[in-house]
Every structure is written in structure tokens, then in C-alpha cells.
Amino acid sequence: MGCVACCSKESENECNDFEEKNMDKAAIKIQAWWRGTLLRQSLLHAALCAWIIQCWWRVAHVRLVERRRWIALQLYTRREWAVVQLQAMVHMWRVRRRYLRAQAAARLIQTRWRSCLARGLLCGHYQITATGLAMDMRVFIA
């Protein structure tokens, strides 16, 4: 590029200085544009990487929370099962104890009844029903 309006060497030097300044300004603008482009690309890349990490963390966090919830549910279920088993064992123990007491009382009554029958003091019969004991007795007083 030559300077069209230049006539002398001094003015040609001034014209070259002016062109160099314009070229420097243009180079600076191009460099600034390029640096801005690189910066925007690196920021975009960093934002995409951060987004990918956030998406991964959301999924990992959901899995972690779900696993903790599942473990807590299993622990709760085991505790409840243990409580139910303990209650069932206590209930069966009480029922068995009550049954054994009733059985012992029945044996005692049968023994006494048979001894009275054997001695001839009582005469009669009994029948055990679902609602209770039906008895027909006659007592002989000697």
C-alpha cells in the first residue's frame, strides 16, 4: 500500500509511520479478537465440563440417597420383624403357661373326682363342652 498523497520523502516516512500504526492497531484488534475467541471457547468448555459434572453428581446423588433409603428400609423391616417375633414368642409362652395351668387343674379335678367315685362318695358324670363344664352329681353323705 502506498500513500497516494505523499510527494516528498518526509511525507512518505510519515505515511509509512501512519500505515505502521494502522497495521499495529489492526494487528492488536485481530489479536484481541482471537484472544476473546479463545477465552470464550475455554469458558464454554469449562461450562460444559461443569454441566457434565453436575449431571453426573445429580445421578450419583440420587443413587446414594436411594441406597441409603433402601438400607434404612431394610433395617426398619428387620427391627419390625424382630419385634413381631418377640411378641409372638411372649404370646405363645403366656398361652402355653395358661394351658399348662388349666391342664394341671383339670388333672387335679380328675384325680379328686376319681378318688371320690372310687370311695363311693359321689355319683355322677361330667362332660366338657366348648362353653364350659356340664356336670351331673349326686353326693352321698355317710
Side-chain angles (χ1 to χ4, degrees), residues 1-140:
M1 280 191 173
C3 189
V4 179
C6 295
C7 298
S8 67
K9 277 198 169 200
E10 286 179 18
S11 61
E12 199 174 304
N13 284 341
E14 284 178 23
C15 197
N16 284 338
D17 287 343
F18 180 72
E19 281 182 18
E20 281 182 27
K21 285 180 184 177
N22 280 343
M23 293 280 267
D24 286 344
K25 285 182 182 178
I28 290 171
K29 279 189 177 184
I30 291 171
Q31 288 173 352
W33 171 81
W34 182 246
R35 276 189 243 125
T37 302
L38 288 177
L39 180 65
R40 282 187 294 280
Q41 282 180 348
S42 65
L43 288 175
L44 178 64
H45 180 71
L48 286 174
C49 289
W51 180 73
I52 289 169
I53 291 170
Q54 287 170 353
C55 288
W56 172 83
W57 174 246
R58 282 187 202 111
V59 171
H61 188 257
V62 165
R63 284 184 190 151
L64 182 67
V65 168
E66 185 66 23
R67 184 165 183 213
R68 285 181 184 164
R69 188 189 68 78
W70 180 252
I71 289 171
L73 181 64
Q74 284 181 335
L75 183 63
Y76 172 77
T77 305
R78 285 183 188 152
R79 285 182 183 164
E80 284 295 313
W81 182 82
V83 167
V84 167
Q85 291 297 315
L86 185 60
Q87 287 173 349
M89 289 172 65
V90 168
H91 180 70
M92 277 304 300
W93 175 73
R94 291 181 69 201
V95 166
R96 182 165 172 76
R97 202 171 83 190
R98 189 172 40 204
Y99 171 75
L100 290 175
R101 282 184 185 164
Q103 189 180 32
R107 282 185 187 144
L108 181 66
I109 291 170
Q110 284 176 349
T111 306
R112 301 276 167 89
W113 177 268
R114 288 178 184 146
S115 70
C116 288
L117 287 177
R119 285 186 271 157
L121 297 175
L122 295 172
C123 183
H125 68 280
Y126 67 93
Q127 182 179 6
I128 299 175
T129 62
T131 58
L133 180 65
M135 294 178 66
D136 179 30
M137 283 196 313
R138 291 186 199 111
V139 179
F140 298 107

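Just so it is clear, the model here is predicted, and its values are computed rather than measured. In this chain, numbering begins with 1 at the start of the sequence shown.
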Novice: Within a strict 4.5 Å, meaning less than it, do heavy atoms of the Asp24 and Lys21 side chains meet?
Specialist: no

Novice: How long is the gap from NE2 on His61 to CZ on Arg58, to the nearest 0.5 Å?
Specialist: 11.5 Å

Novice: How far does CD1 of Ile30 sit from CE of Met23, to the nearest 0.5 angstrom?
Specialist: 9.0 Å

Novice: Just to verify, which of Gln74, Arg67, Arg68 counts as forming a side-chain contact (heavy atoms from CB on, under 4.5 Å) with Trp70?
Specialist: Gln74

Novice: Which distance, rounded to the nearest 0.5 Å, do you find between the CG of Leu44 and the CG of Leu39?
Specialist: 11.0 Å

Novice: To the nearest 0.5 Å, tell me how far Leu43 CG sits from Leu48 CG.
Specialist: 11.0 Å

Novice: Tell me whether Glu66 is salt-bridged to Arg69, with the criterion being a basic N under 4.0 Å from an acidic carboxylate O.
Specialist: yes

Novice: Would a 4.5 Å heavy-atom cut-off, applied to side chains only, mark Trp33 and Thr37 as touching?
Specialist: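 Trp33 vs Thr37: side chains touch.
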
Novice: How long is the span from the CG atom in Leu86 to the CH2 atom in Trp81, to the nearest 0.5 Å?
Specialist: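 CH2 of Trp81 is found 11.0 Å from CG of Leu86.
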
Novice: State the CG-CD distance between Leu100 and Gln103, to the nearest 0.5 angstrom.
Specialist: 6.0 Å

